[in-house]
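Numbers restart at 1 for each chain; the letters A, B, ... are given by sequence-line order, proteins then strands. Computed from a predicted model, the values in this text were never measured in an experiment.
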Amino acid sequence: MRRYKNHFLIGKIVEVEAYLGEQDPASHAYNGKTKRNEVMFWNGGHLYVYFTYGMHFCSNVVTEQEGIGHAVLLRAVEPIGGLEVMARNRHITLRAERDKQNLCNGPAKLCEAFAIEREENGVDLCGDDIWIAEEQRPNSRPSIEKSTRVGITRGKQHQWRFFLRNNPYVSTGKPVQ
DNA sequence: CCACGGATTGGCT
DNA sequence: GCCAATCCGTGGA
């Protein structure tokens, strides 16, 4: 969830990938702490935002204790509330169901929809700007599928991508073999 | 539906 | 210089 300009932007996380720092050649933290990745080494519960491909931001939830650079990349979100604002942020119009599914179905798309950029790097997820709440459906049993991760060249063997089965809002990116 | 390539910055060798 | 935890438009089946 995000509080943004007098709106609530609400989404359900439907796809993530784990990046395990020093033991994971695909992780930004693989070669230790730098200015870019330093938030990855903070306490769990912070947001690590990075800029990539010269034009996109992607976001991660930092998961370990201080000094250990583990994080979970947020790859797709099912938009629940504030869709009009998200669509404006994404520069698209909501007409068909298809447009709704294209709103947040990628790590850079969800950042654009939720207006997550450089300024949000290091945000405390226990604060009141961006946070993660428990889903209000205690009896639901989501079936979680796993696969290899998307768009990487190293660490391909690990099945560290997790997503909800049959959820139409998962990303279109293809896992590496 | 699928494959391909261009866009465009910054981090690191 | 090389290339990336991506996205989107184009062109063909």
Side-chain angles (χ1 to χ4, degrees), chain A residues 9 11 13-42 44-64 68-79 83 86-123 125 130 132 144-164 166-177:
Chain A
L9 304 181
I13 297 169
V14 297
E15 177 184 343
V16 299
E17 283 176 356
Y19 285 87
L20 275 64
E22 321 254 343
Q23 56 178 279
D24 181 2
S27 169
H28 290 171
Y30 186 55
N31 292 310
K33 194 190 295 186
T34 66
K35 188 163 192 173
R36 179 203 201 193
N37 68 16
E38 83 163 85
V39 171
M40 291 187 83
F41 293 84
W42 291 7
H46 288 93
L47 194 70
Y48 164 53
V49 180
Y50 68 90
F51 183 66
T52 192
Y53 289 102
M55 59 183 82
H56 299 304
F57 292 95
C58 296
S59 59
N60 300 248
V61 176
V62 177
T63 57
E64 271 294 342
I68 300 179
H70 293 191
V72 169
L73 171 68
L74 302 176
R75 284 200 55 87
V77 156
E78 175 181 339
L83 300 244
M86 292 184 196
R88 197 186 318 147
N89 289 343
R90 293 269 291 111
H91 312 107
I92 64 178
T93 54
L94 292 174
R95 298 171 49 237
E97 194 66 19
R98 188 59 206 244
D99 303 318
K100 223 165 92 179
Q101 296 183 358
N102 279 331
L103 214 42
C104 309
N105 62 340
K109 292 182 182 181
L110 73 89
C111 279
E112 189 170 38
F114 280 74
I116 293 171
E117 306 183 4
R118 223 176 293 273
E119 190 182 332
E120 280 67 38
N121 186 34
V123 159
L125 295 173
I130 304 172
I132 298 175
I144 298 174
E145 199 115 345
K146 70 179 173 182
S147 76
T148 55
R149 294 173 290 181
V150 174
I152 55 168
T153 56
R154 295 174 297 176
K156 292 177 174 181
Q157 70 277 26
H158 296 115
Q159 300 205 115
W160 287 345
R161 171 176 179 251
F162 305 91
F163 54 99
L164 299 190
N166 294 333
N167 185 296
Y169 297 94
V170 300
S171 77
T172 53
K174 283 188 185 142
V176 301
Q177 290 199 347

Subject >> Residues that A/Q157 engages under side-chain contact (heavy atoms from CB on, under 4.5 Å), provided they are two or more places apart >> reply: none
Original post:
Based on Watson-Crick and G-U pairs with both distances under 3.5 Å, what dot-bracket line describes DNA chain B 5' to 3', crossing pairs as [ ] and inter-strand pairs as |?
Top reply: |||||||.||||.
Subject >> Taking every non-hydrogen atom, the tightest pair across A/H70 and A/G21 >> reply: CD2-N, 3.7 Å
Original post:
For the side chain of A/E120 and the backbone of A/E117, is there at least one donor-acceptor N/O pair under 3.5 Å apart?
Top reply: yes
**OP:** Might you point out which heavy atoms bring A/F114 and A/G11 nearest each other, and give the distance in Å?
**Re:** CZ-N, 3.9 Å
Original post:
Which nucleotide of DNA chain B is the first, and which the last, in the 5' to 3' direction, to come under 4.0 Å of a heavy atom belonging to chain A?
Top reply: B/dA3 to B/dC12
**OP:** Quick one: label A/A108 by what it contacts on the DNA or RNA (base, sugar-phosphate, nothing), any heavy atom closer than 4.0 Å.
**Re:** sugar-phosphate
Original post:
Between A/R90 and A/G151, which has a closest nucleotide on DNA chain C that is more 5'?
Top reply: A/G151
Original post:
Quick one: do A/K100 and A/E97 make a salt bridge, cutoff under 4.0 Å?
Top reply: yes
**OP:** Under the side chain to side chain contact (heavy atoms under 4.5 Å, CB included) rule, what do A/E17 and A/S171 come out as? Steps first, then yes or no, please.
**Re:** CA-CA 12 Å; A/E17 283 176 356; A/S171 77; over 6 Å; no
Subject >> For A/H28, the option from A/Y19, A/Y48, A/Y50 that meets side chain to side chain donor-acceptor pair (under 3.5 Å) >> reply: A/Y48
Original post:
Taking DNA chain B as the partner, which of residues 29-39 of chain A come within under 4.0 angstrom of it by heavy atom?
Top reply: A/T34, A/R36
**OP:** Output, in order, the C-alpha distance, side-chain angles, deciding distance and verdict of side chain to side chain contact (heavy atoms under 4.5 Å, CB included) for A/M86 and A/K109.
**Re:** CA-CA 10 Å; A/M86 292 184 196; A/K109 292 182 182 181; over 6 Å; no
Original post:
Which atoms form the tightest heavy-atom contact between A/K156 and A/I152, and what is the distance?
Top reply: CE-O, 3.9 Å
Original post:
Which heavy atom of A/E112 sits nearest a heavy atom of A/N89, and at what distance?
Top reply: O-CB, 3.2 Å
**OP:** Scan residues 72-79 of chain A against DNA chain C and write down, sorted by residue number, each residue with any heavy atom closer than 4.0 Å; if none is found, say none.
**Re:** A/L73, A/R75
Subject >> A/R149 vs A/D24 side-chain heavy atoms within contact, under 4.5 Å >> reply: yes
Original post:
With a 4.0 Å cut-off on heavy atoms, is A/F51 in touch with a base, just the backbone sugar-phosphate, or nothing at all?
Top reply: sugar-phosphate
**OP:** Could you walk me through whether A/L47 and A/I116 pass side chain to side chain contact (heavy atoms under 4.5 Å, CB included), step by step?
**Re:** CA-CA 10 Å; A/L47 194 70; A/I116 293 171; 4.1 Å; yes
Original post:
Which nucleotide of DNA chain C is the first, and which the last, in the 5' to 3' direction, to come under 4.0 Å of a heavy atom belonging to chain A?
Top reply: C/dA4 to C/dC8
Subject >> Cationic tip of A/R118 above A/F51 ring, under 6.0 Å, 45° of axis >> reply: yes
Original post:
Taking for each residue the nucleotide of DNA chain B with the nearest heavy atom, is it A/R98 or A/R118 whose nucleotide lies nearer the 5' end?
Top reply: A/R98
Original post:
Could you go step by step and tell me if A/I92 and A/L103 meet the side chain to side chain contact (heavy atoms under 4.5 Å, CB included) rule?
Top reply: CA-CA 8 Å; A/I92 64 178; A/L103 214 42; 3.6 Å; yes
Original post:
What is the ring orientation for A/H158 with A/W160, classed by angle as parallel under 30°, tilted 30 to 60°, or perpendicular over 60°?
Top reply: parallel
